[in-house]
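Here's the structure we're looking at; comments come further down.
Naming: A, B, ... by sequence-line order, numbering from 1 per chain.
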There are 2 protein chains.
Amino acid sequence: MVGELREVQDSGSTARAVRTMEDILDVATAEFAANGYAGARVDEIAARTRTTKRMIYYYFTSKERLYLSVLERVYAQIRDVERGVRIEELSPCEALRKLAEATYDHHTTHQEFIQLVSIENIHRAEHLRQSPTILRENVTAITVLEGVIERGVREGVFRSDIDALDVHMIISAFACFHVANRHTFAAIFDRDLLNPALQDSHRRLIGDMVVATLTAQDGNPGSS
Amino acid sequence: MVGELREVQDSGSTARAVRTMEDILDVATAEFAANGYAGARVDEIAARTRTTKRMIYYYFTSKERLYLSVLERVYAQIRDVERGVRIEELSPCEALRKLAEATYDHHTTHQEFIQLVSIENIHRAEHLRQSPTILRENVTAITVLEGVIERGVREGVFRSDIDALDVHMIISAFACFHVANRHTFAAIFDRDLLNPALQDSHRRLIGDMVVATLTAQDGNPGSS
DNA sequence: AGAAGAACGAACTAACCAGTACGTTCTTCC
DNA sequence: GGAAGAACGTACTGGTTAGTTCGTTCTTCT
């Protein structure tokens with residue numbers, strides 16, 4: 001499914017080998033997400049697999065390459081989510097709300113993704129930059145958004161001074177925050193942002209925010 | 001200024017000692033923010049100070065306690081910012097916008113703070129929880145917000161189903177995102193979120209977002 | 001069946017790194 | 001001026017951890 005896997009598959013690997021690699025990737029994803037790059041222990045990953053450390057180096061050559069494979073896999077997953085939203089038949093407002101909700105749902109159900117993105121940012125995205133696949137495939141998320149916004153502006157319901165990247169940023173910011181800052185927020189304010197009881201209201205809130213921001217006039221009440 | 005420092009000061013330390021400790025804290029803040037907790041090297045911190053590793057352990061006893069002191073210091077700084085906003089004479093909308101802008105400005109000018117918060121979240125806030133000072137002092141940020149929102153609701157300009165913590169979350173989410181996800185965003189979309197040219201428009205955007213969301217009716221266009 | 005190579009395992013190594021032992025030099029106060 | 005303790009420096013250690021060595025066992029194909 002992901003590049004790294006296919007390589008070995010092509011050169012005649014067994015189904016068992018593929019399962020081993022996926023096993024390693026699953027465990028590594030959890031370990032890196034939970035402890036950061038430097039904090040993750042290859043021995044610990046090995047121990048939680050049904051394989052040994054030898055196999056990790058056999059298939060992935062180094063801790064860094066293993067980490068990169070993990071990154072590529074989680075980024076591949078979110079692409080699939082974005083592609084899954086059928087936008088065309090919705091009004092601009094509804095479409096925006098749907099996209100926001102889908103992003104919110106993905107992030108809250110894939111905490112490892114957000115944790116890995118945080119980790120990657122701490123390291124100034126130096127690993128991410130090494131993966132042409134991730135860079136190439138993920139820009140396309142924006143084109144969908146561009147279409148929707150353009151339609152909304154043309155219909156006169158959206159303000160025209162906010163572009164697709166801005167909207168993507170607003171949606172991501174809110175959806176990421178729930179997962180990324182969950183623990184400090186809970187520690188200080190004693191509210192678990194991923195509490196299922198809050199989910200519906202927060203899903204609605206992210207939609208409200210995006211739609212309200214886009215439909216607001218430039219000269220908003222309270223602007224300084 | 002921070003607890004750890006005063007302790008030693010009280011028991012008769014020289015001005016030089018205080019400078020040494022601050023020197024260590026400055027360097028440690030940068031090192032932890034840049035590399036994470038596990039990734040940070042005590043030797044590296046020592047090398048960039050005008051002191052030696054011995055002194056780090058002399059004043060801070062362990063890597064973990066040093067990290068905690070760093071955390072406490074950066075959290076003390078943001079408290080000062082929040083206290084600095086004079087709210088009373090502004091309208092609810094203006095007050096919200098001011099608070100949002102102040103948070104945005106603080107976060108964009110104190111990247112180490114956001115990085116440390118990210119790191120702390122990766123470790124499930126286990127260090128933060130050990131600091132009663134941080135936990136106690138930071139909840140108060142919410143009471144200010146509560147007053148403003150209550151006023152807005154009473155005046156009939158704000159919707160009543162969004163509470164202070166929600167608003168704090170919206171503001172933080174946007175302001176944090178710029179710094180926290182700067183590098184992956186730049187790598188994928190080639191837009192530096194901290195580019196000075198974007199600052200004014202983003203500062204306005206965060207105000208627009210908060211005000212628009214709070215002033216929107218519940219039955220928003222586009223709600224499903 | 002048996003050869004070739006893929007898949008696997010246990011035990012090791014070299015480097016690295018948090019923390020320390022042990023000593024010296026300042027500072028303060030009488 | 002000298003005693004007491006704070007402030008400092010060098011050189012080390014012990015545990016940890018990424019990566020390896022050298023071997024065995026499966027799988028596949030003819």
Partners of [X] by side chain to side chain donor-acceptor pair (under 3.5 Å), sequence neighbours excluded?
X      : value
B:E31  : B:N35
B:E137 : none
B:T184 : A:N121
A:H107 : none

Rounded distance (Å) that lies between atom [atom2] of [N] and atom [atom1] of [X]:
X     : N      : atom1 : atom2 : value
B:M21 : D:dA6  : CE    : P     : 14 Å
A:R19 : C:dC8  : CZ    : C1'   : 14 Å
B:E22 : D:dA7  : CD    : C1'   : 17 Å
B:F60 : C:dA18 : CZ    : P     : 16 Å
A:I56 : C:dG9  : CD1   : P     : 11 Å
A:Y58 : C:dA7  : OH    : P     : 5 Å
B:M55 : C:dT24 : CE    : P     : 16 Å

**Asked** D:dC8 phosphate, OP1 or OP2: any side-chain N/O from B:T20 under 4.0 angstrom?
**Response** yes
**Request:** Any salt bridge (Lys or Arg N to Asp or Glu O under 4.0 Å) involving residues 118-129 of chain B? Give me the pairs, sequence neighbours left out, ordered by first then second residue.
**Result:**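 For residues 118-129 of chain B, and leaving out neighbouring residues, there are no salt bridge (Lys or Arg N to Asp or Glu O under 4.0 Å) pairs at all.
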Within the sub-3.5 Å range, which N or O atoms of nucleotides 18-20 of chain D have a protein N or O partner, and how far apart are they?
{"unit_1": "D:dA18", "atom_1": "OP1", "unit_2": "A:A40", "atom_2": "O", "d": "3.3"}
{"unit_1": "D:dA18", "atom_1": "OP1", "unit_2": "A:R41", "atom_2": "NH1", "d": "3.3"}
{"unit_1": "D:dA18", "atom_1": "OP1", "unit_2": "A:K63", "atom_2": "NZ", "d": "3.4"}
{"unit_1": "D:dA18", "atom_1": "OP2", "unit_2": "A:V42", "atom_2": "N", "d": "3.0"}
{"unit_1": "D:dA18", "atom_1": "N7", "unit_2": "A:K53", "atom_2": "NZ", "d": "3.2"}
{"unit_1": "D:dG19", "atom_1": "OP2", "unit_2": "A:Y57", "atom_2": "OH", "d": "3.1"}
{"unit_1": "D:dG19", "atom_1": "OP2", "unit_2": "A:K63", "atom_2": "N", "d": "2.9"}
{"unit_1": "D:dG19", "atom_1": "N7", "unit_2": "A:K53", "atom_2": "NZ", "d": "2.8"}
{"unit_1": "D:dG19", "atom_1": "O6", "unit_2": "A:K53", "atom_2": "NZ", "d": "2.6"}

**Request:** Check the angle between the aromatic planes of B:H168 and A:F185 and answer parallel, tilted or perpendicular using the 30° and 60° thresholds.
**Result:** tilted
